[in-house]
Amino acid sequence: MYQAWTMGIKLPGISDGQADRILSRVLQMGLIIQIVIIVIGVLVCFFGLKLVRVLSVFAGLTIGSGIGAAAAFGLGFSGTMIPVTILICTIVTAVLCGGIRRLGVFFVVLLQTFGVVWTFLLPSIRNLTQVFIVAGIGAAAGLLIAIAAVIKPEPVVVVVTGISGGLMAGNAAAALIGIAGNLWAGYGISAAAALIGIWIQFMMQSRKIGKNERVYAERMKGQVSRESEVEKARKILEEDEEEDDDSRKKSKAVREGDDEEEEDDDITIISEEL
């Protein structure tokens, strides 16, 4: 419509004033969409690991809707059964991804990696066959990296979300400033955003690990101090018991000595009487 408007071509049933208003609305909506994409990309790029639960729910919604659609059409459902099946699969998958962390991480990394591969290879697509080839490459790469994410969630999620969010924000920013046609400019902005985002995420993760280690050290220190106090109290009790035993032994010895003296006195008295 922008080209038709600039070339002076009149659209049927639309006056010049209406075309101006429609064009203005379209441009405003495009600007708002680009700003929203930049914000989402920055959040994913800088806080992907912290937002992994939220991203897992959205990944579950996407994967679940796909599974539901495939199941509905594969089983030959019709009418209201199609949206009902899609809705049930979507809700169940989203709940599972949000509740089971590793499952959510798997689907998040799978979708994000697929999106990264698709973004890089999209400009080279020329026909439908290449579309399927690119989709297969993206699915294979996403599956491999998603399996790695299940084994090592934190570093893989940081790298993948940093790259994915950086590409999203960089391409949207390039389109916003009017250099979307220059792929290398968009890739440059995306690379800078991705590097900064990955660095920030690793810094936050290292601080979190350091904080957890300090808390654990303080807890262990308190436990050791309590154990030492218990040990000191036990030793004091043992010393008190030993002192009581010694005192009882001494008193017993004193009583036995007195008894022996009394017996000696009795013997002396009897011998004198004899």
Side-chain angles (χ1 to χ4, degrees), residues 1-4 26 29-38 40-41 44-45 48 55-78 82-83 85-87 89-90 93-94 97 103-150 156-157 159-191 193-194 197:
M1 180 177 291
Y2 178 77
Q3 292 177 351
V26 171
M29 288 299 297
L31 181 64
I32 293 173
I33 292 172
Q34 289 170 356
I35 293 174
V36 171
I37 292 174
I38 291 173
I40 295 174
V44 173
C45 182
L55 297 176
S56 298
V57 173
F58 283 104
L61 293 174
T62 304
I63 298 294
S65 61
I67 294 173
F73 290 107
L75 296 174
F77 291 159
S78 61
I82 295 176
T85 303
I86 295 174
L87 181 62
C89 292
T90 301
T93 309
C97 290
L103 180 63
V105 167
F106 178 86
F107 284 129
V108 168
V109 173
L110 177 64
L111 292 179
Q112 300 261 350
T113 305
F114 181 85
V116 170
V117 173
W118 185 267
T119 301
F120 277 115
L121 298 181
L122 181 62
S124 63
I125 295 176
R126 296 292 180 268
N127 51 51
L128 186 61
T129 304
Q130 292 179 351
V131 171
F132 290 111
I133 293 174
V134 171
I137 294 172
L143 183 61
L144 291 175
I145 299 178
I147 294 173
V150 174
V156 177
V157 170
V159 174
V160 171
T161 55
I163 296 174
S164 178
L167 279 174
M168 188 184 301
N171 290 330
L176 187 64
I177 61 179
I179 57 173
N182 190 344
L183 291 177
W184 292 109
Y187 288 157
I189 298 173
S190 301

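Computed from heavy atoms alone, side chains included, the values below leave out hydrogens, waters and symmetry copies. All values derive from a computational prediction rather than experimental measurement.
Nearest heavy-atom pair across A174 and G186 is CB-CA, 4.0 Å. A149 and V109 make their closest contact through CB-CG2, 3.6 Å (heavy atoms, listed as atom of the first residue, atom of the second, distance). Nearest heavy-atom pair across A194 and C45 is CA-SG, 3.9 Å. Nearest heavy atoms, V117 versus A141: CG2-CB, 4.1 Å. Considering every non-hydrogen atom in both S56 and C97, the closest pair reads O-CB, 3.3 Å. In terms of heavy-atom proximity, G64 sits nearest to C89 at O-CB, 3.4 Å.
In this structure, CZ in F73 is found 10.5 Å from OG in S78, a value given to the nearest 0.5 Å. Taken to the nearest 0.5 Å, the CG atom of L176 stands 5.0 Å off from the CD1 atom of I38. Expressed to the nearest 0.5 Å, how far CD1 of I67 lies from CD1 of I86 amounts to 12.0 Å. Of the inter-residue distances, the one linking L103 atom CG with I63 atom CD1 reads 10.0 Å to the nearest 0.5 angstrom. Atom-to-atom distance recorded for L167:CG and I163:CD1 is 7.5 Å, nearest 0.5 angstrom.
Between V157 and V108, the closest side-chain pair of non-hydrogen atoms is not below 4.5 Å. You'll find the side chain of F107 stays beyond 4.5 Å of the side chain of T62, heavy atoms only. I125 places a side-chain heavy atom less than 4.5 Å from the side chain of L122.
Between F114 and W118, the ring planes lie parallel to each other; the angle is under 30°, not in the 30° to 60° tilted range.
Looking at L31, I37, V36 one by one, the single match for side-chain contact (heavy atoms from CB on, under 4.5 Å) with I33 turns out to be I37.
In this structure, F77 places its CZ atom where more than 12 heavy-atom neighbours from other residues, nucleotides or ligands lie under 6.0 Å away.
T113 contributes no side-chain N or O that, together with a main-chain N or O of G142, makes up a donor-acceptor pair within less than 3.5 Å.
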